[in-house]
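Each chain gets a letter, A, B and so on, in the order the sequences are listed, and its residues count up from 1. In this text, all values refer to a predicted model and were calculated from it rather than measured experimentally.
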Amino acid sequence: MSLIEQYPISVYNSLTKQKEVFKPLVEDRVGMYVCGPTVYSDVHLGNVRTFLSFDIVFRYLKFLGYKVRYVRNITDVGHLVGDADEGEDKIAKKARLEEIEPMEVVQKYTNGFHDVMQLFNIQAPSIEPTATGHLIEQIEFIKKIIENGFAYEKDGSVYFNVRKYNEAHQYGELSGRNVDDMLSNTRTLAGQDQKADPLDFALWKKAEAGHLMHWPSPWSEGFPGWHLECSAMSTKYLGQSFDIHGGGMDLKFPHHEAEIAQNKGCHHAGGANYWIHANMLTVNGRKMAKSEGNGFTPEELVTGNHKLLERGYSPMTVRFFMLQSHYASTLDFSNEALQAAEKGFRRLMASVQLIDKLPAAGTGKVSQEKSEELKGFIDQAMQDLSDDFNTAKAIASLFEISSKVNTYYQNPSELAEIDAEAFDFATTKFKAIINDVLGLVSETENAAQNNVLEGAMEVLINLRKEAKFSKDYALSDKIRDDLKTVGIQLKDEKGGETSFTID
RNA sequence: GGCGUUGUGGCCGAGUGGCUAGGCAGAGCUCUGCAAAAGCUCGUACAGCGGUUCGAAUCCGCUCAACGCCUCCA
């Protein structure tokens with residue numbers, strides 16, 4: 001029985017607003033599209049959370065044995081600069097500010113984005129298409145929507161006709177809005193722009209004089225609308241219908257709503273069967289966002305160089321911290337919470353490393369009950385992961401195994417009662433879930449594996465042993481305390497051996 | 001105003017109609033020359049008010065509080 005059959009996934013589908021059993025269109029294969037970053041500034045921690053959430057989905061699907069094509073775009077055409085800025089391309093604006101080529105901005109922040117993804121051990125998608133690389137596809141997409149009568153041209157720009165679309169389909173099916181409500185809400189705001197209706201949105205926009213990024217099209221020299229790229233690229237790489245579409249909660253409306261409308265307006269299929277939305281990272285209860293001034297870059301996070309940070313936190317600590325909550329819940333950041341996560345993470349990883357130091361299992365009278373209990377934690381963790389990717393719950397089971405491992409180390413007679421096969425199964429899966437699914441890796445291993453350091457530590461440990469042997473506790477304690485102040489913790493083990501860990 | 005979400009013990013955070021979430025912090029004990037680490041034990045939490053039910057933190061209603069999105073326009 002394959003893992004896919006053994007642990008069927010259920011997922012909360014934003015489109016139907018209920019938890020559903022996940023069934024891909026093609027057996028054992030999954031197509032997933034996630035809205036990527038707009039590369040006009042550094043990503044902050046809130047962005048990281050979204051991409052981490054889908055990293056888990058990606059990793060877990062693969063872990064179960066699915067073949068996954070994961071497409072995550074790079075938005076390099078640029079959207080509107082928020083707040084006060086008046087209708088100017090985000091990237092063009094930034095470019096003029098820094099007096100460099102728009103594509104230079106794009107390259108710089110794309111590189112930066114990749115660095116951040118790597119820092120947090122977030123895997124690269126299968127395909128990472130750019131909007132500027134798919135102008136032709138987008139233009140063709142618009143042509144079809146016009147042909148189908150759901151879009152119109154006005155002065156070189158093309159707009160999606162929401163009202164017309166709504167006659168044949170349902171605009172607002174994802175976000176739970178209806179056209180009439182929206183119309184009555186905006187009647188007073190309807191400006192004198194080119195749109196025939198305030199609800200309409202741009203598919204193609206004619207470039208104003210001085211606009212830096214523009215391309216030729218049948219309608220004008222201009223650029224594509226900001227919802228379009230995802231429709232065009234998901235269709236190209238995953239097909240008109242595919243399995244999963246993900247993104248941040250804040251993209252649900254209007255972005256994803258428009259995407260569905262464009263898809264149906266073009267080829268009648270709405271795109272993804274399952275929509276997954278990751279929730280926001282908050283700081284003191286407020287969404288982390290540039291405009292709030294409460295976002296920090298990964299660099300600030302690691303160094304602790306930010307007014308909200310008491311000190312630095314390692315990337316894996318942050319990753320673990322985020323995985324301790326469910327992706328669909330808001331997660332509130334605080335120094336206290338991060339410090340708690342740091343300790344918990346270390347505890348978990350310490351037990352992973354302890355497994356290799358354990359004696360053989362099953363050397364005594366084997367208890368089936370205890371052996372099954374151990375395997376049960378793995379089973380539970382898998383079930384939890386299959387239950388809407390509940391990493392928080394799965395981690396609870398992992399800590400149970402962690403405790404068991406510690407017990408076995410301290411009391412080998414307990415391990416003697418565990419069936420060797422069961423032990424091997426549980427510990428192998430334990431490591432695999434931590435490393436492959438949760439993407440957590442030890443941050444101390446490399447330092448500890450340094451040969452020179454190992455040698456020096458052996459010298460110190462032996463010196464201390466001699467001091468202890470001659471009951472010179474003042475000296476032995478000094479060695480230990482002084483090492484502690486430089487970040488090395490000595491531990492006197494059961495058998496008289498001494499080990500060390502690096503903070 | 002519309003749509004959606006949330007409110008859990010000192011902190012962070014899972015959660016199912018009845019059975020211990022888990023992590024961190026705190027208390028006690030064990031081990032230890034002393035530490036550290038680890039193990040064991042402990043707190044009986046679920047915004048408020050009603051209702052459904054044999055039984056609800058978990059279902060329904062109301063109230064309060066908080067948060068997110070809302071056609072801007074490129």
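In the interface, the side chain of A/Asp477 is paired with the base of B/G33 through a donor and an acceptor atom under 3.5 Å apart. Applying the 3.5 Å distance criterion, the base of B/C34 shares a donor-acceptor pair with the side chain of A/Asp492.
Counted by atom type alone, A/Ser175 and A/Glu257 present one or more donor-acceptor pairs between their side chains at under 3.5 Å. In this model, a donor atom of one side chain and an acceptor atom of the other lie less than 3.5 Å apart for A/Tyr60 and A/Ser386. The closest side-chain donor-acceptor pair between A/Thr75 and A/Asn73 falls under 3.5 angstrom.
Nucleotides B/U8 and B/C67, compared at atom P, are 15 Å apart to the nearest Å. B/A66 and B/U53 have their C1' atoms separated by 31 Å, with the value rounded to a whole Å. Taking atom C1' on both B/C29 and B/G13, the two are 28 Å apart, rounded to the nearest angstrom. Rounded to the nearest Å, the gap between the P atom of B/C60 and that of B/U6 is 11 Å. One C1' atom belongs to B/G26, the other to B/G10, and the distance between them is 8 Å to the nearest Å. Comparing the P positions of B/C49 and B/A37 gives a spacing of 42 Å, expressed to the nearest Å. Here the separation of B/C19 from B/G43, taken at their P atoms, is 16 Å to the nearest Å. Going from the C1' atom of B/A21 to that of B/C54 covers 27 Å, rounded to whole Å.
Mapping A/Ala474 and A/Lys206 onto RNA chain B by nearest heavy atom places A/Ala474 closer to the 5' end of the strand. Take the nearest nucleotide of RNA chain B for A/Ser334 and for A/Asp200: the residue whose nucleotide is more 5' is A/Ser334.
At whole-Å resolution of the value, OH in A/Tyr327 and P in B/G15 are 11 Å apart. Note: NZ (A/Lys287) to P (B/U6) measures 18 Å, nearest angstrom. Remark: P of B/G7 and CG of A/Asp332 are 13 Å apart, rounded to the nearest angstrom. Taking atom CD1 of residue A/Ile395 and atom C1' of nucleotide B/G15, one finds them 15 Å apart after rounding to whole Å. Rounding to whole angstrom units, CZ of residue A/Arg49 and P of B/G68 are separated by 14 Å. Rounded to whole Å, the distance from CZ on A/Phe201 to C1' on B/C72 is 15 Å. The distance from atom CG of A/Asn279 to atom P of B/G68 is 11 Å, rounded to the nearest whole Å. Atom CG of A/Leu323 and atom P of B/A14 are 12 Å apart (whole Å).
Within 4.0 Å (heavy atoms only), A/Glu336 reaches sugar-phosphate atoms of the nucleic acid but no base atom. If you check every strand for non-hydrogen atoms under 4.0 Å, A/Leu251 touches nothing. Contacts of A/Ser397 with the nucleic acid, taken as non-hydrogen atoms under 4.0 Å apart, are absent. Within the nucleic acid shown, A/Ala396 comes within 4.0 Å of at least one base atom, counting heavy atoms only. Residue A/Lys468 is in base contact, counting any heavy-atom pair closer than 4.0 Å across all strands shown. Within 4.0 Å of A/Ser403, counting heavy atoms only, lie sugar-phosphate atoms of the nucleic acid but no base atom. A/Gln339 comes within 4.0 angstrom of nothing in the nucleic acid, heavy atoms only. Using a 4.0 Å heavy-atom distance criterion, A/Tyr473 is classed as a base contact. Base contact: A/Lys491 has a heavy atom under 4.0 Å from a base atom. Using a 4.0 Å heavy-atom cutoff across all strands shown, A/Gly172 reaches no nucleic acid atom at all. Residue contacts shown for A/Asn406 are limited to sugar-phosphate atoms, with no base heavy atom under 4.0 Å away.
Of the listed nucleotides (B/C69, B/A74, B/G23), B/C69 has the atom at the smallest distance from the side chain of A/Phe253. Comparing B/G23, B/C12, B/A14 against the side chain of A/Ala340 picks out B/G23 as the nearest. For A/Asp250, the listed nucleotide lying nearest its side chain is B/C69; candidates were B/C34, B/G23, B/C69. The side chain of A/Leu331 approaches B/G13 more closely than any other nucleotide in the set B/G39, B/G33, B/G13. Of the candidate nucleotides B/G23, B/A74, B/C24, B/C24 has the atom lying nearest to any side-chain atom of A/Lys343. Taking only side-chain atoms of A/Gln410, from C-beta outward, the nucleotide of B/C34, B/A38, B/C12 with the closest atom is B/A38. The A/His326 side chain lies nearest to B/A14 when the options are B/A14, B/G33, B/G39.
Pair assignment for B/C40: B/G28, on the basis of Watson-Crick or G-U wobble contacts that are both within less than 3.5 Å. Nucleotide B/U5 forms a pair with B/A66, judged by Watson-Crick or G-U wobble geometry with both contacts under 3.5 Å. Judged by Watson-Crick or G-U wobble contacts below 3.5 Å, the nucleotide B/G17 has no partner. The base-pairing partner of B/G22, taking Watson-Crick or G-U wobble contacts with both distances under 3.5 Å, is B/C12.
The side chain to side chain donor-acceptor pair (under 3.5 Å) test with A/Lys287 singles out one residue from A/Asp250, A/Asn294, A/Thr282, and that residue is A/Asp250. Each of A/Asn279, A/Asn390, A/Thr50, A/Asp388 was checked for a side chain to side chain donor-acceptor pair (under 3.5 Å) with A/Tyr327, and the lone residue meeting it is A/Asp388.
A/Arg49 places none of its side-chain heavy atoms less than 4.5 Å from the side chain of A/Val318. Proximity of A/Arg480 to A/Arg464: side-chain heavy atoms (C-beta onward) are separated by under 4.5 Å at one or more points.
The local environment of CD in A/Glu458 is sparse, with at most 12 non-hydrogen atoms from other residues, nucleotides or ligands closer than 6.0 Å.
Between A/Arg347 and B/G23 there is a side-chain N or O to OP1 or OP2 distance below 4.0 Å. Listed pair A/Lys205 / B/A74 meets the phosphate criterion, a side-chain N or O lying under 4.0 Å from OP1 or OP2. When the side-chain nitrogen and oxygen atoms of A/Arg286 are compared with OP1 and OP2 of B/C67, one or more of them lie within a distance under 4.0 Å. Between A/Ser329 and B/A14, a side-chain N or O to OP1/OP2 separation shorter than 4.0 Å is present.
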Determine, step by step, whether A/Phe150 and A/Tyr171 satisfy the ring pair (Phe, Tyr, Trp, His ring centres under 6.0 Å) criterion, reporting the C-alpha distance in whole Å, the side-chain angles of both residues, the deciding distance to 0.1 Å, and the verdict.
CA-CA 12 Å; A/Phe150 294 120; A/Tyr171 184 77; over 10 Å; no
